[in-house]
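See below for the structure under consideration.
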2 protein chains.
Amino acid sequence: MTTPRTRMPAAARRTSILVAAAEVFGQRGYAAATTDAIAQLAGISQAYVIRSFGSKEALFIATAEHVLDLVTDAFRTAIAEADDTRRIEPLLGAAYVRLAADRGALVTLLHLFTLGQDPRIGPIARAGFLRILAILREEAGLSMERATAFLGNGMLVSTILGLQLPAESEDPATAELLEATFRENTPLVRELFGGRDLDG
Amino acid sequence: MTTPRTRMPAAARRTSILVAAAEVFGQRGYAAATTDAIAQLAGISQAYVIRSFGSKEALFIATAEHVLDLVTDAFRTAIAEADDTRRIEPLLGAAYVRLAADRGALVTLLHLFTLGQDPRIGPIARAGFLRILAILREEAGLSMERATAFLGNGMLVSTILGLQLPAESEDPATAELLEATFRENTPLVRELFGGRDLDG
DNA sequence: GTCTATACTAGGATAGAC
DNA sequence: GTCTATCCTAGTATAGAC
């Protein structure tokens, strides 16, 4: 709009753009997301978004790294809280589901993983995926079988978010699906999304 | 190009466009795919692609329905072959993996499931997902727990395809991941993709 | 650090011929 | 049934001011 808004230190501005970007990228995907939508959500001009990150592609990469950091941090915190008397998956699962509160984060990740064919983004996507796998294996101590079962469930969680299935459905098949996918975290999901549709 | 190529009955042309569309949509996703790339792959003009389906959106929807049919048909065939002395998941899994030979099909499905926010496509995506779930539950007789485990593994398979991880990697983590994800179908995957990268 | 204005391009869709 | 030519919009990126 007309006059410069809340002037802000560069680092803070960067963060606020990244947060907006994760939401928009999560909702629409990389290609369909517009830098203008991100700008509006961040409350700044489209040109300034580009100024700050150089290009839409660079912004997406920064956003992806940011989300990847959120996930790895969340997993590491969960791992630190674990004692070895119980399975660690519920803790990791809860950490993952809680990231859904960061609107867009999990679905942005899902979008990232569909971009393997992109010459710039593809390598980052592969590395990010393998990085998460390595944490599950080496830091959480999961066998490959347990790790893939956990990852599969995580992809399913993200898919359900991306589909925007209703968090509270009258359709019994949907309700049962959510129970089976979110398990002990189902109440957490309902709390996060209430009556609204699930989205990232 | 210049002069009309192989003139073809409308139905056959439709199919050949759908096949090309699945490949391009699978590779790039809905938004990034261009009707021109689809046209080139199908060997016809961009304008004719639009002519044939009305719009890019309509083409995507038709492609999605087509892929959904491939999946449901493949599952039903697998179910028909099952005897009840063994778990049915390996049969279903093999059927699913074989669809990867239809370049783009599985990853197109993955893209479809990220489009929940789209007013036109979203409802189709949700219905398609629930339709697959219903087959697993009602026709294959899986409990909801087994169905979600199977679906999660399927999403992981599609994600690995979308990431284009190499089918034969020197990286031990990747190799082990593929083994754990594809299980008894690992040889089939290698046969399908040989030395090439995995893609849809 | 942030804006307005604008240049430029890609790509979906239409018109009309054959 | 299929093409060429073209219109038109959306959206990224740049220039330059404050």
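Per chain, numbering begins at 1; letters A, B, ... match sequence-line order.
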Could you go through residues 61-71 of chain B and list every donor-acceptor pair under 3.5 Å that involves a side-chain atom there, pairing it with any protein atom two or more places apart or in another chain?
from    : atom 1 : to       : atom 2 : distance (Å)
B:Thr63 : OG1    : B:Leu59  : O      : 2.7
B:Asp69 : OD1    : B:Arg131 : NH2    : 2.8

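- The separation between A:Ile38 atom CD1 and D:dG11 atom P is 12 Å, rounded to whole Å.
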- Could you encode protein contacts along nucleotides 7-18 of chain C as a string, one character per nucleotide from 5' to 3', using B for base contact, S for sugar-phosphate-only contact and - for no contact, with a heavy-atom cut-off of under 4.0 Å? ----SBBB-B--

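- A:Phe60 and A:Phe25 have perpendicular rings, their planes meeting at more than 60° on a 0 to 90° scale where under 30° would count as parallel.
- Applying the ring-ring contact (aromatic ring centres under 6.0 Å, His included) rule to B:Phe113 yields the partners B:Phe129; only residues at least two apart in sequence or on another chain are considered.
- At a cut-off of 3.5 Å, with distance as the only test, no side-chain donor of A:Asp171 or A:Ser169 sits close to an acceptor on the other residue.
- Between A:Arg13 atom CZ and C:dG1 atom P there is a gap of 10 Å when expressed in whole angstrom units.
- The aromatic rings of A:Phe150 and A:Tyr96 lie perpendicular to each other, with more than 60° between the two planes, well past the 30° mark.
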